[in-house]
Structure formats: C-alpha cells, structure tokens
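Letters A, B, ... mirror the listed sequences (proteins, then strands); counts begin at 1.
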Amino acid sequence: MLRDRRLSGEDLSRIDERIRSDWSVEDIDFEEAIAYHESLPASKEFASVLEDADRPLLQPRAGVPRLDDQIALLGHLEDAGRADLLPTTIDSYTRDNEYEKAQQGLEEARESGEDTLNGFPAVNHGVEGCRELIEALDTPIEVRHGTPDARLLAAVTFAGGFQSFEGGPVSYNIPYTKGHDLAETIEHWQYVDRLAGAYTERGVTINREPFGPLTGTLVPPAIAIAVGLVEGMLAATQGVRSITLGYGQVGNLVQDIAALRALKSLGEEYLPNEATVTTVFHEWMGGFPPDEARANGVIALGAATAAIAEPDKVITKSPQEFGGVPTKEANAAGLRTTKQLIDMMREQDINLDGVEREREFIEESTRSLMDTILQLGDEDVARGVVEAFDTGKIDVPFAPSDSAESAVLPARDDDGRVRILQFGNLALDPDLKDVHTDRLDRRARAENRDRSFQMVADDVDAISEGRLIGRPGGEGA
Amino acid sequence: MLRDRRLSGEDLSRIDERIRSDWSVEDIDFEEAIAYHESLPASKEFASVLEDADRPLLQPRAGVPRLDDQIALLGHLEDAGRADLLPTTIDSYTRDNEYEKAQQGLEEARESGEDTLNGFPAVNHGVEGCRELIEALDTPIEVRHGTPDARLLAAVTFAGGFQSFEGGPVSYNIPYTKGHDLAETIEHWQYVDRLAGAYTERGVTINREPFGPLTGTLVPPAIAIAVGLVEGMLAATQGVRSITLGYGQVGNLVQDIAALRALKSLGEEYLPNEATVTTVFHEWMGGFPPDEARANGVIALGAATAAIAEPDKVITKSPQEFGGVPTKEANAAGLRTTKQLIDMMREQDINLDGVEREREFIEESTRSLMDTILQLGDEDVARGVVEAFDTGKIDVPFAPSDSAESAVLPARDDDGRVRILQFGNLALDPDLKDVHTDRLDRRARAENRDRSFQMVADDVDAISEGRLIGRPGGEGA
Amino acid sequence: MEVLSAMSATVILGVIGSDAHAVGITILEQALSTAGFEVVNLGVQSSQQEFISAAQAHEGDAVLVSSLYGHAEQDCRGFHEAIEEADIDPITYIGGNLAVGQDDFEETRDCFREMGFDRVFDSETKPTEAIAALKADMNIAESEAERARLTT
Amino acid sequence: MEVLSAMSATVILGVIGSDAHAVGITILEQALSTAGFEVVNLGVQSSQQEFISAAQAHEGDAVLVSSLYGHAEQDCRGFHEAIEEADIDPITYIGGNLAVGQDDFEETRDCFREMGFDRVFDSETKPTEAIAALKADMNIAESEAERARLTT
Ligand code: B12
Ligand code: B12
C-alpha cells in the first residue's frame with residue numbers, strides 16, 4: 001500500500017532492475033557515477049550555485065534531439081543569452097516511455113537534419129551522451145520534462161551528470177497526461193526522489209524542482225503551492241535536501257509577489273529543516289500573444305514581478321512562445337530582456353500595497369487545502385493527496401488527467417487576480433470561498449453580466465489578445 | 001524689452017511678414033486655414049482626442065524626408081503599431097532654419113531614394129504637402145522638432161492642418177543648440193504660442209507640448225518640471241488652452257510615478273484655469289543598450305511605469321533606439337510592447353510605498369526653483385527664466401547651450417533615484433540640497449568610493465550596459 | 001446535402017497522440033455545445049482508433065482533431081486511410097500548433113490538406129471560426145453575421 | 001615619431017555640424033583630461049573651421065570629431081582637404097552614430113576612412129578605447145593592460 005516512507009536499498013535495486021528492462025541501457029555503476037559527479041567543477045554543482053546566488057538566476061527552456069545541436073543550443077543560451085542555469089528539455093516520446101519511438105525520431109533527426117522530436121531523448125543518448133553534454137558547457141544543467149514515470153530518465157541522467165531534475169508525481173501527472181494513476185505515479189517518483197536522496201547522502205546533492213505552474217492557465221496560487229508542498233514533502237522523505245518550489249506567473253503583480261512570498265514561507269514551514277528550500281518563478285505559462293513585440297510585453301511583466309519578489313530562479317519565455325519551439329536567438333532574447341529588467345529594478349526598493357493581505361489569504365487557503373490532504377491521509381501525505389484528488393477536494397483547472405476532477409474553474413476578479421469561479425469539491429474553508437465568490441460577483445457586476453464559463457474563456461484568451469482581464473467587447477474594450 | 005505679455009495682432013502680422021522673408025512660402029490665409037481645420041473630422045482634433053481619452057494614448061517618433069514615405073511610415077505606425085496619436089519629426093536643417101539645405105536634402109532624397117535628411121522638412125513641403133499628410137491618415141498628428149526659432153515651421157504646419165506642436169523656448173533651446181540667446185528664443189516662441197492662441201480663439205484648439213525630457217540624461221525631476229511650468233505659463237499668456245506637460249523616464253519606478261503626479265498637480269496649480277493640462281511621459285530618453293532584446297526591457301520598464309502612473313500620453317521608443325533611426329517595423333514593435341504591458345497592468349490597482357514622499361520632495365524642489373524664477377523676474381516669468389539661466393540658478397545637466405551654465409551634475413542614489421551631485425548655482429533651498437547630498441553620500445559609502453564625476457559617467461552608461469545604477473565593477477557587478 | 005440543424009449534428013473532439021494540451025479543447029467543447037452541437041470530447045492523448053470508434057459509435061458528423069505539441073504530422077499518418085477502412089465519412093478538421101518550430105503556416109496547411117483533412121486551422125483560430133466552418137460544411141443555416149466572419 | 005607624455009598632448013574635441021548631442025563629449029572630455037591630455041572642448045555644433053582654427057591655435061596633436069545625429073558624412077565633406085590647406089597634420093578620429101538609419105558599421109568605417117579619418121569609432125566606444133588609441137597613435141607610453149585592451 002502506498003505510504004509516504006523512505007524506500008529501502010532493496011526497493012531501490014529491485015526497481016532499478018525492473019525499469020532497465022523497459023529499454024536496454026548500459027549498466028549504471030552508482031559508485032562510478034558518484035566519482036563522476038565528484039570530478040565535476042564546483043561551478044557545475046546545481047544546488048550550490050542556486051542556493052548561494054545573491055540575485056535571481058535565469059534559466060531558459062530548451063531541448064533538441066541531437067547531442068551536437070543541444071550543445072550548440074545551450075552554448076548559445078550561455079553566451080548570447082547569459083543564462084545562469086541551463087535546461088535540457090526532454091522529448092514527448094521519452095515522456096511516454098516510448099523509447100523505441102524516440103530512437104526512431106532521433107535517427108530520423110540524425111539522417112534528415114530535421115528535428116522530428118520536440119526535445120532531447122536523454123535515455124537514448126545514454127549516460128555517455130549526457131556526460132558529453134554536461135562537459136561541453138560551463139553552467140549547471142537541469143533535466144526538464146513532464147514524464148509521469150521518470151524512473152529510467154532519472155537513473156540515466158543522474159548517472160550522466162545532471163544535478164537537477166524537474167517534476168513530481170502530481171505536477172508531472174495531472175497537467176501532463178490522461179491515463180496515469182496518481183498512486184502509481186507517486187510510487188514511481190518515490191524511486192526518483194530516493195535515487196536523488198542516495199546521491200545526496202554521498203555528497204552529490206541532486207536538486208529537485210516540483211513543476212509549479214501545473215496547467216499554466218489561471219491556476220489559483222493556493223492550489224499550485226499546495227501541490228508543490230506535497231511534492232516537496234514526498235521528496236524530503238526520500239532524502240532530497242535541495243528543493244526548489246515553483247510558481248507560474250498569473251499576471252497580477254500583487255498576487256504574484258504575494259504568492260512567491262507565501263511559497264517561500266510555507267515551504268520553510270512544511271518541509272523539514274534538513275531540506276534547503278529555494279523558489280522558482282515561471283514567466284507566464286499560458287497562451288501567449290501571436291506577436292513577438294507583444295510577447296515581449298508579457299515577458300517583461302514577468303521579469304518586473306521577479307525583480308520585486310526576488311525568487312531564487314526565474315524560468316524565462318521567448319517572444320516566439322506562441323508560434324512553436326523558438327529559435328535559439330529568440331530564446332536568448334527572452335533571457336536578455338528579462339535580465340535587463342531585473343537588473344534595472346532589483347536594486348530599487350519597491351513595496352506594493354496589499355501584498356501582505358494577499359499573502360495571508362494565499363497562506364490561509366493553502367493551509368486549508370493542506371489540512372484536508374493530511375487529514376484524508378491520516379497524516380500520510382502520499383495517501384492524503386491521492387484521496388484528495390480522487391474526491392476532487394484538491395483539484396487543478398484544465399487538468400487533462402483522469403486522476404483529477406478538473407471541476408475547478410478559475411476567473412479573474414476586477415483587479416485581475418485569479419479567483420475561483422467553480423469550486424467543484426475543492427476543500428476550501430467556506431469563508432475563503434466567499435472571498436472568491438464575492439470578488440467575482442463584483443467583477444460580474446462591473447461588466448454587467450453573469451458569472452459564467454464565458455468569463456473563463458475570455459480570461460484564458462485575454463493575455464494573448466493583449467489584456468489581462470477578459471472583459472466583454474474583446475480587444476478594443 | 002522681453003515681457004511675458006500677449007503679443008498684439010500687429011505684432012503677429014509684423015513677425016509673420018518677417019519670417020516669410022527667410023524662405024519663400026505661399027501666402028497663408030488665416031481664414032482659409034481656419035476653414036480647413038473646421039473641415040477636418042473630430043477624430044483629427046488633437047486636443048480633444050487627447051483630453052477625452054480614458055487611458056494613456058501612445059505616440060511614437062517618426063519622420064522621413066519624402067511625403068509619400070512619411071505617409072507610408074505613419075500609416076504603418078497606425079495599423080501595425082496601433083498608435084493612438086502620430087508624430088511628424090522634422091529634420092535637423094529645418095531646425096536650424098536652413099531651408100535651402102533642407103531643400104537640397106529633400107531633392108537628393110527624391111532623386112536617390114535614400115534618406116539624406118533625418119526628418120520631414122515640413123516648411124519645404126509647404127501647407128499643401130502638410131495637408132496631404134493630414135488627410136492621408138486617420139489619427140491626429142503632432143509636429144515634433146527641436147527648433148529654437150520655429151516661427152515659420154509653426155505658421156506652415158498650423159495652416160497645414162497640424163493641431164499639436166512640441167517644444168518651447170527653453171526646452172528647444174537649452175538641450176538642442178549652442179548659440180541661441182534665450183531671451184530671443186522666448187520672443188520667437190511667443191509668436192508660436194500667440195499663433196496657436198489665435199487659432200484657439202477661433203475654435204481650432206492647437207495643443208502645445210513643452211519638451212519635458214530636456215537632455216534626456218539623468219535630468220532631476222524638479223528641473224524638468226520647472227521648465228515645463230515656465231513654458232506652459234508663457235504659452236497660456238499667449239492664449240494657448242491645451243497644454244501637455246512632459247517628463248522623461250529616469251528609470252526609478254517610485255521617482256517616475258511621483259514626478260508624473262507632481263507634474264500634473266503643479267501644472268494645475270501654476271497654469272491658469274482656462275488651460276487644460278494633460279501630461280506626457282517619454283520612455284527612457286538617455287543612452288539605450290546596443291541590443292534590441294535588452295532595449296525591450298528598457299521600453300517595458302517605461303511602459304510599466306506609465307501603466308501605474310497613467311499619464312495622458314506616452315511617447316514610445318523602439319528597440320533600435322541605440323543603432324540609429326529605427327525601421328518602421330521596429331518602431332511599431334516598440335508601440336505594441338508598450339501597449340501590451342499597459343493594457344495588462346492598467347486595470348490593476350498598484351500603489352507603491354514612498355511615492356507620496358517623493359512627490360512632496362519633487363513638488364517642494366520645483367516650488368523652490370519657481371519661486372526663484374518669479375522673484376528674479378519680478379513676477380514676470382519670461383524675464384525671470386532668462387535671468388535664472390543666466391546666473392545658473394536654474395540649470396540643466398549636460399546642456400550644450402551657451403545660455404545655460406551646465407554646471408549641475410546628476411547621479412543616482414543607492415535606490416537609483418536621480419539626485420544632484422554638483423549644484424553649481426542652482427537655486428534650491430539648502431535643506432533640499434542636503435537631501436541630495438545625503439543620499440549620494442550614502443551611495444558613495446555603499447560603493448566605498450568618493451562622490452565624483454566618475455559616478456556620473458558610470459550612471460550615464462549604466463542603462464545601456466544593463467543596469468540602473470553605475471556601480472563600480474561594471475557590467476558584471 | 002440536406003440542411004441540418006446544429007442540434008442534430010454530432011462532433012467528435014479530442015487531442016491526438018500523446019499530446020496533453022487540454023485548454024484549447026475545453027474552450028472548444030464549451031463553445032460548440034453552446035452553439036447547439038452534440039459534442040463528444042475524448043480529451044487529450046487520444047489515439048486514431050479512439051477517434052474512429054467514437055465517430056462510429058456516436059454517428060459523428062465531424063471529427064475535430066486538436067494538436068498543440070508539435071507531433072501532429074506523425075500522429076495523423078494513416079488516419080484518413082483508417083477512417084476510410086472503417087467505412088465512415090465524417091468531415092475532418094485539424095487545428096492547433098501543427099509543426100515543430102517556427103514554420104510557415106501555408107506549408108503546414110497544404111501538408112495536412114494532402115493527408116485528407118477538410119480544413120486546417122492555426123492556433124489563432126477562435127471557436128467562432130470553427131463553428132462557422134462546421135455550419136458551412138454541414139450546410140446548417142447560419143446568420144449573415146457568421147457567414148461574413150467565415151469568409152474573411 | 002618621438003615618445004610623448006600624455007601631459008604634453010593636446011586634443012581638440014567637438015561635435016560637428018548642427019548636431020547638439022553633448023553627453024558623449026562631456027564624458028570624453030572628462031576621461032581624456034583625467035588621462036592627462038590637454039583637452040580643448042569646442043562643444044556641440046562646431047564647424048569644420050572651428051576645429052581647424054582650434055587645432056592651429058592650440059597646436060592640437062589630435063582632432064576628435066563626434067557626430068551622433070546622422071549627418072556626419074555631409075558635415076565632414078571636405079574636412080581633410082581643408083586641414084591640408086591649413087597646413088596642419090593632426091591625427092583625426094571620428095566617432096559616434098555616423099549614419100542615418102540601421103547601417104552596417106563596416107561600410108560606415110570604410111566611408112570615413114576614405115574621407116581621411118585615421119580612426120573611426122562606433123557608438124559603443126568607451127573612453128578608454130579612445131585613450132588607448134590616442135596613446136598608440138601618438139606613441140605615448142602606456143601600460144600593458146591598456147595595450148591589451150586596444151588590440152582586442
Ligand atoms: C499551456 C501550455 C502548456 C501546458 C498545458 C497544460 C494542459 N494540460 O493543457 C503545459 C505546461 C503542461 C505544457 C506542456 C507542454 N508543452 Co505547451 N504550451 C502551452 C501554451 C503556453 C498555451 C497553450 C494553450 O493552452 N493555449 C490557450 C488555448 C485556448 O489555445 P489553443 O490551445 O491554441 O487552442 C485554441 C486554438 O489553437 C484552436 N484549436 C486548437 N485545436 C483545434 C482543433 C480544431 C479542429 C480547431 C478548429 C481549432 C483548434 O482553438 C482553441 C481555442 O481558441 C502553448 C504556447 C502558446 N500557444 O502560447 C505551449 C506549446 C503549445 N507547448 C509546447 C510544447 C513543446 C510543450 C511540451 C512538449 C513542452 C515541454 N517542453 O514541456 C509539453 C507537452 C506535454 C504533452 N504531453 O503534451 C509548444 C509546441 C511546439 C510546437 N508545436 O512546435 C508550444 C507552442 C510552446 C512553445 N513555443 O514551445 N504546455
Ligand atoms: C540623449 C539623446 C538625445 C538628446 C541629446 C541631449 C544633448 N544635448 O546631449 C536629445 C533628446 C536632445 C536628442 C535630440 C536629437 N536626437 Co538624439 N539621441 C539621444 C540618445 C538617446 C543618447 C545619446 C547619448 O547621450 N548617449 C550617451 C553617450 C555617453 O554616448 P554617445 O553620445 O554615444 O558617446 C559615446 C560614444 O559614442 C563615443 N563617441 C562619441 N563621439 C565620439 C568621437 C570620437 C572621436 C570617439 C573616439 C568616440 C566617440 O564615446 C562616447 C562616450 O562613451 C541617442 C540614442 C542612443 N545612443 O541610445 C539618440 C540619437 C543619437 N539621436 C538621434 C536623433 C535623430 C536626434 C534628433 C535629430 C532627433 C529628433 N528627431 O529630435 C535630435 C537632434 C538634435 C540635434 N540638433 O542634434 C538618433 C541619431 C540617428 C542616426 N544617427 O541615425 C539617435 C541614434 C536616436 C535614434 N535611434 O533615432 N537626442
């Protein structure tokens with residue numbers, strides 16, 4: 001039965017063998033891998049570079065199928081983009097554990113020179129391929145993916161020299177897949193986290209980063225934060241000691257700053273002291289404007305928010321987000337636009353009215369959700385979160401997964417803050433719910449219409465159409 | 001002798017004849033010109049479009065020598081840039097009243113197809129040319145230039161259908177030329193303003209806009225505002241009734257918002273009730289980064305400032321500002337980036353700590369300068385301002401003009417606000433001076449160096465190098 | 001073709017392949033239902049076979065395939081052959097972000113038209129455009145206003 | 001050429017034509033003075049004749065022409081011919097934003113080199129680069145560090 005407790009050494013090796021049967025990879029020698037990590041310079045130690053920084057570090061998203069292309073791409077982001085941390089984004093077939101298809105795609109890419117995969121198939125590149133990548137660049141690199149069952153990916157990339165790994169059982173299931181059972185996904189991630197813990201115990205800290213933005217689309221902060229806390233707690237149980245909690249920009253300055261503050265303080269409250277908690281802010285993860293100039297405006301608002309809230313890391317977007325995978329130049333441009341704004345604003349003392357009140361509201365809401373989860377699991381967070389999703393007591397808007405109710409519907413209030421229009425079974429205290437309803441009523445009155453799904457649809461489109469709030473009357477309004 | 005009093009009808013026609021001898025232009029029939037303006041649709045009435053707007057209107061800068069090119073350029077900014085108001089920027093020869101050279105340049109441009117002038121020579125295009133331009137576009141158009149003696153330019157462009165005219169005797173002298181005598185320039189602008197007043201009295205409101213940014217480079221807000229007030233008062237005396245006071249972004253959010261608020265309230269205080277006061281905010285007018293991505297960051301900070309402060313108009317920059325005159329695409333991109341940010345932020349209720357305090361400081365400082373000016377002129381603002389510049393009691397940093405002392409040197413304090421490092425003879429109350437000195441001392445201590453010209457030089461370069469404050473250690477710091 | 005009322009028209013909607021982008025179809029589903037269509041939403045990560053079975057089971061008049069993540073071409077290979085084999089003849093649309101990288105949409109459109117899709121939509125498509133297209137293709141009476149919007 | 005000390009080298013500095021951009025030369029003046037040069041700053045809107053007269057009057061070793069506003073080419077036509085006529089032979093530099101519009105700097109550089117300028121600087125030039133160039137061209141002893149910076 002699923003329990004939030006640390007996997008044993010035997011568990012680990014048993015699973016190790018099982019996952020290796022999915023796809024033949026060379027044998028991984030843990031001791032040799034530790035030695036390899038130890039041979040890397042301090043400047044490639046992801047956790048310490050991140051934790052010791054005195055300003056928000058910038059990291060883009062990027063992944064192409066071929067190794068040499070990936071090296072060139074990351075090199076460009078390092079040089080022209082001045083990225084502080086680098087990513088390697090994994091392709092969709094690998095995320096589905098379809099290593100055979102990924103192999104095909106990789107070979108097609110090698111032959112035709114065209115990228116038929118949407119990311120870097122790290123398992124197919126194997127430990128050696130990963131190490132070549134790590135060695136070719138000066139900056140620490142994180143694995144970013146969206147894989148519900150990331151066990152083989154973790155085994156290969158950890159041995160391959162990566163020291164940071166995004167995702168978690170909730171955040172890489174609920175927004176990323178349809179059919180995966182949540183309890184099973186948690187078990188799979190217990191392996192990933194335990195493996196990270198095993199490296200950590202040997203002095204090779206593997207940084208773990210729950211994927212904060214979830215579906216990227218109007219996710220109410222308390223929901224995102226609760227999921228991050230759950231994943232952080234699960235990871236800590238397995239011995240992870242460097243945890244970066246994430247949050248995706250919603251576009252309201254006060255709410256975003258408040259959410260980042262709440263994320264940090266709740267992280268420190270809920271996660272054990274042995275774990276070092278850092279935060280990451282994702283520039284707007286929802287639909288982008290189909291226009292690079294306007295996209296730069298969206299990116300800049302994210303950068304301005306980061307400059308004020310000062311998270312430990314910022315994940316940048318490119319002005320080509322709308323159109324498809326960006327060119328390396330556009331990707332580097334997104335980094336530089338962000339950097340310019342952060343560096344111009346960071347030293348300014350900027351305090352906004354209302355941040356504290358919103359932070360308290362977010363913290364109370366998150367606690368309300370966390371109480372439910374822990375209660376449902378009888379203080380076992382693993383069982384609690386499964387039960388909570390099962391009953392819709394915790395829920396994510398626009399979630400494609402069968403493991404979530406997906407009954408929660410968000411909409412913006414009259415100030416542009418994301419509130420909840422339909423709660424489904426979401427286990428939020430009634431007085432907290434009233435705040436949401438009240439705020440949305442106020443907006444509905446201001447717009448002279450009913451609270452309705454149309455509001456949600458309008459808000460989903462608003463930023464790509466050039467506004468924050470989807471007022472009736474469209475673009476010109 | 002120079003006096004701030006309204007020119008008579010005879011003055012006007014006497015000057016009219018004199019300036020026409022500089023360059024042969026067709027005879028201007030005032031009655032016919034009034035009738036022409038009356039024939040224009042309400043959507044081209046600059047003053048009412050600006051004054052009635054319920055959000056900051058966006059206006060770019062743009063001027064090319066040939067009429068058809070200028071029409072195409074402005075059409076692009078209207079369509080692709082969604083500009084709310086349009087400019088026509090005049091070339092440098094016209095600014096020098098070198099109409100012969102401008103004619104040559106225009107003809108070269110017509111023959112070679114290359115732009116050998118840096119703007120639109122409106123006097124050479126004549127009343128008919130201007131009217132063709134006005135008719136070809138849907139949006140009101142302002143004349144923007146930098147001409148100390150703009151009498152002929154005003155006569156031609158007002159008759160040509162333009163209803164807004166930038167500049168003033170101080171703001172188009174001190175930052176724009178070396179040798180022009182300030183008293184003479186004021187006389188020349190009395191004509192311009194009186195002509196605007198004459199149109200206004202006949203129901204054709206000509207909007208006048210003092211050039212707020214001055215030298216564009218670390219201008220302390222109180223100096224910029226005082227100059228704007230002086231020019232506004234001079235214009236009002238001549239019957240101008242629509243006055244747009246300007247201010248150029250310095251890059252510190254609190255200081256910029258405070259300055260825009262001070263500009264508005266002081267404008268209403270100092271200018272007569274009959275005049276409608278609006279405000280315009282210029283995106284950063286100093287040196288830009290030599291990189292479009294980073295330039296977008298600078299533009300975005302301006303847009304964010306405008307979204308919070310809500311001036312009536314925003315003059316946008318393009319990401320190509322550093323390199324030279326921008327392409328029309330880049331110019332339109334600057335508009336759209338700005339618009340996206342303003343439209344995303346405008347509905348948010350954003351209040352920053354410290355704005356009120358900084359606003360009070362700016363207002364007190366401005367009053368201190370205005371008191372001196374009015375005292376020196378025995379309550380005559382025209383004579384007062386000449387005397388004040390003559391003695392350096394009012395001064396502009398980096399001013400190229402022999403009419404200014406140019407002894408004032410600005411530098412940023414530890415929060416990035418522009419303060420005064422060297423006062424010269426600037427007539428600021430001693431306790432206000434102490435604030436500046438104190439803040440800069442604090443910064444000097446933080447940087448472990450003396451207050452010195454090096455600080456000024458570092459601050460001048462800082463934004464183009466990717467920071468706000470020119471800390472020692474350069475880019476990486 | 002007979003004139004249908006939207007009420008009787010059934011639309012099969014889903015995201016193909018291993019793509020999990022759910023927001024677009026959530027918006028589309030709601031808009032299509034409101035417009036009077038019978039919508040069967042398969043959700044994300046639906047296989048070709050799931051689309052075909054649903055079209056058979058529900059007598060789908062139209063099959064709307066969504067794809068955002070850049071693998072549409074691979075995921076749709078053989079789809080129209082399979083439809084033909086299943087002996088059904090629904091209208092087929094595909095929409096979303098159909099190519100990896102910054103592609104020229106005209107090329108992309110041609111590619112999917114050749115594969116057999118009746119219409120190909122880019123990711124700037126608003127639900128109203130899809131509805132207008134469906135009504136036109138199904139010969140459903142529509143207002144002047146909608147027709148005007150479609151032809152622009 | 002004899003080895004000079006910066007102290008004895010006189011530099012004529014100004015902005016040519018009707019250009020009024022003053023910030024750059026203000027910074028340059030200060031940096032050149034600090035580096036030990038004797039600087040004669042003509043200010044903005046200086047004519048060719050003013051540069052030449054100043055070079056004669058002050059025995060200028062170098063003439064530094066600045067232009068930002070895009071008319072440099074017109075403003076400098078005939079400048080070197082006039083210098084020759086005046087029978088002086090200063091080192092001549094030009095720097096700033098030398099062409100109207102978004103030009104390729106290499107072309108711009110060639111154009112001004114052909115007109116007779118010894119060195120052409122773009123608007124990314126830092127004062128230290130100008131100083132290093134002057135020292136090299138005037139054969140003034142300079143530190144290793146400066147030399148390294150110049151040659152990169
Ligand atoms: C939100 C988002 C996500 C969320 C999705 C959450 C969820 N489950 O829904 C998350 C963060 C999980 C995510 C993940 C990924 N994403 Co994503 N994502 C986006 C983003 C930012 C917005 C998409 C969206 O919701 N738009 C809003 C809705 C309303 O619009 P829409 O989906 O376009 O749908 C409208 C129209 O397209 C049209 N339409 C859509 N389908 C159809 C079909 C028909 C028949 C018709 C008529 C119309 C139609 O109508 C809809 C309603 O108006 C886009 C970029 C963008 N567009 O700005 C990238 C984007 C689509 N994602 C992309 C990628 C690569 C991925 C990942 C592979 C990335 C990764 N590296 O992690 C994974 C894929 C995971 C998976 N298995 O699918 C790429 C696709 C690249 C390409 N095609 O070349 C994009 C373009 C981003 C980019 N520039 O790289 N993503
Ligand atoms: C501030 C500014 C102004 C201020 C100037 C105030 C003043 N009196 O100084 C104001 C607002 C008044 C102004 C007016 C105009 N400006 Co202006 N201005 C600028 C801006 C934003 C910054 C210039 C600056 O001060 N930079 C900071 C200083 C420190 O750098 P710098 O001047 O480049 O100088 C450094 C180097 O270039 C180098 N250097 C310079 N000269 C030399 C010479 C030598 C020999 C050497 C070795 C080195 C060297 O060293 C300096 C120190 O590091 C630039 C764009 C930009 N660069 O971002 C436009 C810019 C120069 N301006 C421009 C224009 C067109 C004008 C106007 C004609 C505009 C108008 N339409 O109103 C008028 C001209 C008026 C006139 N008669 O000259 C254009 C020029 C276009 C072109 N060359 O193709 C620019 C590039 C803006 C643009 N993209 O359109 N401007």
Taking atom CG of B:Asp52 as the centre, report whether more than 12 heavy atoms of other residues, nucleotides or ligands fall under 6.0 Å from it.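 More than 12 within 6.0 Å, yes.
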
Would you call [X]-[Y] a salt bridge at under 4.0 Å N-O?
X        : Y        : value
B:Asp438 : B:Arg442 : yes
B:Arg82  : B:Glu78  : no
B:Arg419 : B:Glu358 : yes
B:Arg55  : B:Asp343 : no

Specify which of A:Leu341, A:Val298, A:Ile299 makes the most heavy-atom pairs with chain B at under 4.5 Å. A:Leu341

When only pairs under 4.5 Å are counted, which of A:Leu253, A:Val355, A:Asp414, A:Val254 shares the most heavy-atom pairs with chain B? A:Leu253

Anything under 30° is parallel, anything over 60° is perpendicular, the rest tilted; go ahead and classify A:Tyr247 against A:Phe281. parallel

Which of residues 300-316 of chain B get closer than 4.5 angstrom to chain A, counting heavy atoms alone? B:Ala300, B:Leu301

Nearest 0.5 Å please: distance from the [atom1] atom of [X] over to the [atom2] atom of [Y].
X        : Y        : atom1 : atom2 : answer
B:Leu77  : B:Glu329 : CG    : CD    : 9.5 Å
A:Met455 : A:Asp413 : CE    : CG    : 10.0 Å
B:Asn331 : B:His76  : CG    : NE2   : 8.0 Å

Could you check which of B:Gly334, B:Gly251, B:Gly354, B:Gly297 has the highest count of heavy-atom pairs closer than 4.5 Å to chain A? B:Gly297

If you tally heavy-atom pairs under 4.5 Å against chain A, which of B:Leu335, B:Asp349, B:Asp415, B:Ile350 wins? B:Asp415

Which atoms of A:Pro319 approach chain B - backbone, side chain, both or neither, heavy atom under 4.5 Å: neither

Donor + acceptor pair across side chains of A:Arg417, A:His436 (<3.5 Å):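 No pair is found: no donor N or O on one side chain lies under 3.5 Å from an acceptor on the other.
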
Apply salt bridge (Lys or Arg N to Asp or Glu O under 4.0 Å) to B:Glu347 and A:Arg471, showing your working. CA-CA 11 Å; B:Glu347 294 187 280; A:Arg471 308 276 192 204; 2.7 Å; yes

Looking only at heavy atoms, which of residues 457-464 of chain A get nearer than 4.5 Å to chain B? A:Ile463

Is any side-chain heavy atom of A:Arg451 closer than 4.5 Å to one of A:Arg443? no

